[in-house]
Amino acid sequence: MKNKKQIFEDFYKENKQSIFLFTLAKTNSREDALDITAETFLSAWVNLDNFRGQSTYKTWLFAICRHKINDYYRKSYKDNSIFDHSFEIENYNVEEIEDNSDSALINKFSLKDLFSKLKEIEKELLLLKYMNNLNFAECASVLNMSETNARVMHHRVINKLQTFIN
Amino acid sequence: MENLNQFMNNNKLDKNEETRLDKIVLQKIKPEKSPGLGIFYKFALTLFVIFVVGIGVFFLPEEQQRKVVKPVSAMEVIQKTQQTLKEMLAKPGILHYSYNIKTVTDFEEYDNFDVEGYVSNQDEKYLIRYDVSKSDTLLPTEMVPGKSYRDFSPQKFATFSDGINEYSYSYGSTSNWRNLSEEMISIEHRSQLKSLVGFYDYLLQGESSQYKLKEDKINNREVFVITFTYPGIALTREANGATKRVETIYEAVITIDKETYLPISNESSSTFSSLQDSQIETYNEFEIISIDEANNIFEFSQYIDQLVPINKNTSPSSSIINLGNGKFELRNPGEDIITPIFSTENKEYILDGNFLFDKITRKPTIIGKFLLGKELEVSGFTQKTEVAEVLWIQDINYFRLKSLNPTIPVQPTDTNVMPTPTHRLTIPTENSYSGIVYDSEYGGSRREAIIVEGTLPEGLQNENNSNIERASIKIESEDMVFSINEWYENGFSYSNWIPEEIDTEYLGNILMHEYAAKFIYYFTDSRNYKKSDCKDFLGNPIQSPCVDTSYKFETAEGPRFLTISCEVKTTPEKATKTCKEIINNLSIAK
């Protein structure tokens, strides 16, 4: 039977890339993302015994990560947006839009352009859903909202992106 | 430029980074004790305890043996829990505790406070940290298909003392400190836990027959569950948005860990009809920790580094006085700036926040919830400020509290039909007419949204309404201008509270801004009216409400003011009539 340390190590190995990419997308700094990723896992380790099983380990980890990113912005007073908000609609590929999936739609935009159109929480929702394959219930758990709200928000974001394409 | 997929493929941790990360994370993970050994110890200990207890019971007199197996009463459980908590507070070291408070009312789907606190048991140091999140509150959007939501970003607050000064920290806002007297620091020290101890004190004043006790298993924990009912006061919202206080029956559920006799949760919920009013405190941790562990959990430097000393007010030291009997009440219930009051026969004191009222959550503590509207005897410090006499409660005498379980349901009584004012409020009325303009200001430093609704007389034109920035309504005709403008005192800290630009070029559309002010506007197809496109902000068609002349102006939550005015221009008689009609048809609710 695996002990706590072994379980955590497996958990760490499985999720370190996802947490790093999520953080990198939010901070746009590899160094900061590396630090925050480390802090996230260390916090998770310290608090592992307190994990109450109300969410999955993965959503719990993302929730911790989110707090760590907020701490990062608070400490450094950085503007919580990684790219300038220039309007660059020309980056999408019109032909590809015929692939009707939401994921395809999102990938029509450059990340910079995508983020310039979205609110912080909307960005997080997309990153969790499309970068980390969390389902709506899991996204909702990380973002501290109801599943319905996550679905509504997602619907709005997709509609919003669709209007840019149209 | 990278899209999301490309970003994911191109930006993974490289070998070097991965090694660095592994080094940081994996090397800091402390090796666990051998699980086999742990199990062996646990097993041996369990056998030993069973043996000792068994032998002990065997040799007890018959009467004592019965006592050992006799089920405990609710009173005993409460008493023992209180005792355990007091013992935790007496142990040397740092007591770390964490809990969650969730409130659900008719006003908000929920308010959620994750609280982590520590108290040093050797001196008067303490820290309480709150992570606050709110529900995406449902708005009364009966005119819009589906529902719309507000977005609340999480906020962080902390208050802590190094034993000499008390500091407060609020994320994105200001940080300050105040120099308190020794006695005041002493009152603040452990105030949350004192409140909890006081809560058990309060319960112990009841009759044991009022409490029902059952044993249960929740999340694999053996627990005691104590239930009872009590009369309390709740706040609800009428269909028109006005607030109403009602007396109602609450049901309380107290859950205590059977093994440790530490609190697990305290829940209080209204049982009256469809009224929503509940408060749940869930305690997650009570542990004695080292200073290194405390630093790890609380990251003190992040608060201390950002402190900006302002308003150094040394509070005069004073002795404890007995204020006698009075009632704990709330001023402006339903507003964000709820003021807790202790009112005696002759005088009214504002509570500083300890014991009955939590100054950071701005809500009554669980015991405050029980004691709201009830007569109490308190003692404490009073401190005069420029605007009020502030009371720091040091002790409460629960002797007068007896009735916890009325059998006759209390009928709701309407005591408040208008939104209670904050520090500045003038609803425009006919009387506010100065001969040129109906002018008023409404608002204050609360955080609730303000909603202004009304109807417009026929014939108003909608020119000059384009490209208005920030939240405003401007209806201009040849002879009058009606406007609502939103403004802020001393600027803003929270970026998501700053209204985004509102483009009213297309009046008739429903213009809606999720983070910021919501501006919903309808026009009919009559003469002088611009035809409504009847589309929502996403361009989806809206049905019936589009043939309405009503307007609705809704701010985002946050401290703010509205200036509402109707100015008469060229044809006084007609314009006055129009303005009067608008003003009389206007209502403000939140």
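Residue numbering restarts at 1 for every chain, and letters A, B, ... go by the order of the sequence lines.
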Self-check item: Contact origin within Leu114(A) toward chain B - heavy atom pairs under 4.5 Å
Solution: neither
Quiz prompt | salt bridge (charged side-chain N to carboxylate O under 4.0 Å, His left out) partners for Asp35(A), two or more places apart | solution = none
Quiz item: Do we see a donor-acceptor contact under 3.5 Å between the side chains of Asn100(B) and Asn112(B)?
Solution: yes
Quiz prompt | Tyr118(B) side chain to Glu116(B) side chain, donor-acceptor N/O pair below 3.5 angstrom | solution = no
Self-check item: Options Asn11(B), Asp22(B), Leu4(B), Leu13(B), ranked by heavy-atom pairs under 4.5 Å with chain A, top entry
Solution: Leu13(B)
Quiz item: In terms of heavy-atom proximity below 4.5 Å to chain A, should Glu2(B) be classed as side chain, backbone, both, or neither?
Solution: backbone
Practice problem: Only counting residues at least two apart or in another chain, list the ones meeting salt bridge (charged side-chain N to carboxylate O under 4.0 Å, His left out) with Glu18(B). | Solution: Lys16(A)
Quiz item: Who wins among Lys13(A), Glu9(A), Glu31(A) for the most heavy-atom pairs under 4.5 Å with chain B?
Solution: Glu31(A)
Practice problem: Below 4.5 Å from any heavy atom of chain B, which atoms of Tyr130(A) appear? Answer side chain, backbone, both or neither. | Solution: both
Exercise. Compare all side-chain heavy atoms of Phe11(A) with those of Leu61(A) and state whether any distance is below 4.5 angstrom.
Key: yes
